[in-house]
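Note sheet for the following structure.
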Amino acid sequence: MILKKTFYSNGKLLLTGEYVVLDGAMSLALPTKYGQSLQVETVPTKGIHWQSFDENGILWYEDTFETSTFESVLKNKLSNTITNILEEARKLNPSFLTNKEGIIVKNNLTFPRNWGLGSSSTLINNIAQWAQVDAFKLLWNSFGGSGFDIAAAQNDSPVFYKKNNNTYAVQQVTLSWDFKDELFFVHLNQKQDSKEGINLYRKKSIDLKSIEKITDLTRKLLLCYTLSDFEKILQSHENCISDILNTPTVKENLFKDFPRVIKSLGAWGGDFILATGGIEEQEYFRKKGYQTIIPFKEMIL
């Protein structure tokens, strides 16, 4: 009997709390309209036949895994990562994939892999659904990280996310901003290594006051009624993280003459930024060669 199941997870952007979310700061995580699906279908052929497709439906990765050990044919870096995730999923659910039947797994992204919207976190959350295990535990046992991306994967509205050791709190929130038309995202065409960014952050000394300040700014951001107030809070947040990392903001580095506010999202130095303004401000980035510009309402659920 052929069985087919499909799982889906949202992509993510982290508006506040980058890095310090690891140390208990409240963050505002934004699930995106882009994400990744995982389709599982039983087949007569033995083994786990893995296929990954990009946003254009083009196959970019393929491998076969042994069902009992999850050992792959290719044994490359990505295959080893998948093996590790599947192994950890089975540790959490010993009955996962124990019936030895053949399976085809098809992963379909709806965003380019270099966008940094969570190709890994959406995969982990999809596998967790498939294996019927806690996605946060699966993330921490395989990849590490704060878990905000799993919260975004699982929720269809923005969330406050807070992590304390191996516990977490997720609260759905409503962004009642009437200035969303003046917010847009710009892709910097540089894929940032989140693990590398976290390692650099871990070398810094973080005080409790900084964590409390970011939590306070996160809460205040939700209550903004004017774009001007919103921009002030974003700038305060940028300045605070800049001081913690001892690193210039992205505006200081790349866009000193930009007249409005720019907010880094997630690991500093790559992927998307949030900018404020309208058509003229968007044109500023296009003239500098940044062609991937997405309005807030087209990106965020």
Treating Ile, Leu, Val, Met, Phe, Trp and Tyr as nodes and any side-chain heavy-atom pair under 4.5 angstrom as an edge, say whether Met299 and Phe296 lie in one connected cluster.
yes

Do the side chains of Phe70 and Asn84 get nearer than 4.5 Å, heavy atoms only?
no

For Asp63 and Ser79, which I'm curious about, is there any donor-acceptor pair between the side chains at under 3.5 Å?
yes

If you count the non-hydrogen atoms of other residues, nucleotides and ligands that lie under 6.0 Å from CG in Asn246, is the total more than 12?
no

Non-hydrogen side-chain atoms of Leu30 and Leu14 separated by less than 4.5 Å
no

Qualifying ring pair (Phe, Tyr, Trp, His ring centres under 6.0 Å) pairs with a residue from residues 228-250, counting only residues at least two apart or across chains:
Trp177-Phe230, Phe179-Phe230

Could Lys91 and Glu88 be called an ion pair, given the rule that one side-chain N must be under 4.0 Å from one carboxylate O?
yes

Quick check: do Pro158 and Gln172 have side-chain heavy atoms less than 4.5 Å from each other?
no

Can a salt bridge be assigned to the pair Asp181 and Lys297 using a cut-off of 4.0 Å between side-chain N and carboxylate O?
yes

Partners passing side chain to side chain contact (heavy atoms under 4.5 Å, CB included) against Asn107 (at least two apart in sequence or in another chain):
Gln36, Leu38, Trp50, Ser52, Val105, Leu123

Rounded at 0.5 Å granularity, tell me how far CG in Leu265 sits from NZ in Lys263.
5.5 Å

Is the shortest side-chain heavy-atom distance between Leu175 and Lys180 below 4.5 Å?
yes

Residues that Asp243 engages under salt bridge (charged side-chain N to carboxylate O under 4.0 Å, His left out), provided they are two or more places apart:
none

Side chains of Ser236 and Glu238, donor plus acceptor under 3.5 Å
no

Following the transitive rule for hydrophobic clusters with a side-chain heavy-atom cut-off under 4.5 Å over Ile, Leu, Val, Met, Phe, Trp and Tyr, establish whether Trp140 and Ile124 coincide in one cluster.
yes

For Arg286, is there an ion pair with Glu281 - N to carboxylate O distance below 4.0 angstrom?
no

Among Ile150, Thr122, Ile127, which one satisfies side chain to side chain contact (heavy atoms under 4.5 Å, CB included) with Ser9?
Thr122

Going by salt bridge (charged side-chain N to carboxylate O under 4.0 Å, His left out), name the pairs with one or both residues in residues 142-168, residues two or more places apart or in two chains.
none

State yes or no: are the ring centers of Phe136 and Tyr168 separated by less than 6.0 Å?
yes

Within this structure, what is the CD1-OG distance for the pair Ile244 and Ser210, rounded to the nearest 0.5 Å?
4.0 Å

Do Phe96 and Gln132 have side-chain heavy atoms sitting under 4.5 Å apart?
no

With a cut-off of 6.0 Å (strictly less than), are more than 12 heavy atoms of other residues, nucleotides or ligands near NZ of Lys75?
yes

Are any of the side-chain heavy atoms of Leu301 and Asn10 separated by less than 4.5 Å?
yes

Side-chain donor-acceptor distances from residues 215-229 under 3.5 Å, at least two apart:
residue: Thr215; atom: OG1; partner: Met26; partner atom: N; Å: 2.9
residue: Thr215; atom: OG1; partner: Ile211; partner atom: O; Å: 3.2
residue: Asp216; atom: OD2; partner: Lys220; partner atom: NZ; Å: 3.1
residue: Thr218; atom: OG1; partner: Thr16; partner atom: OG1; Å: 2.8
residue: Thr218; atom: OG1; partner: Met26; partner atom: O; Å: 3.0
residue: Thr218; atom: OG1; partner: Ile214; partner atom: O; Å: 2.9
residue: Thr226; atom: OG1; partner: Asp229; partner atom: N; Å: 3.1
residue: Thr226; atom: OG1; partner: Asp229; partner atom: OD2; Å: 3.2

Regarding Glu231 and Arg260, does a basic nitrogen lie under 4.0 Å from an acidic carboxylate oxygen?
yes

Apart from Val186 itself, what residues make up its hydrophobic cluster when side-chain heavy atoms of I, L, V, M, F, W and Y under 4.5 Å apart count as a link, directly or indirectly?
Phe184, Leu188, Val250, Leu254, Phe255, Phe258, Ile262, Ile273, Tyr284, Phe285, Tyr290, Ile293

Taking the side chain from Tyr61 and the backbone from Gln51, do they hold a donor-acceptor pair closer than 3.5 Å?
no

Here's a test for you: under side chain to side chain contact (heavy atoms under 4.5 Å, CB included), which of Thr110, Thr32, Asp271 qualifies with Leu117?
Thr32

Find out whether Glu87 and Ile85 are in side-chain contact, i.e. whether some heavy atom of one side chain is under 4.5 Å from a heavy atom of the other.
no

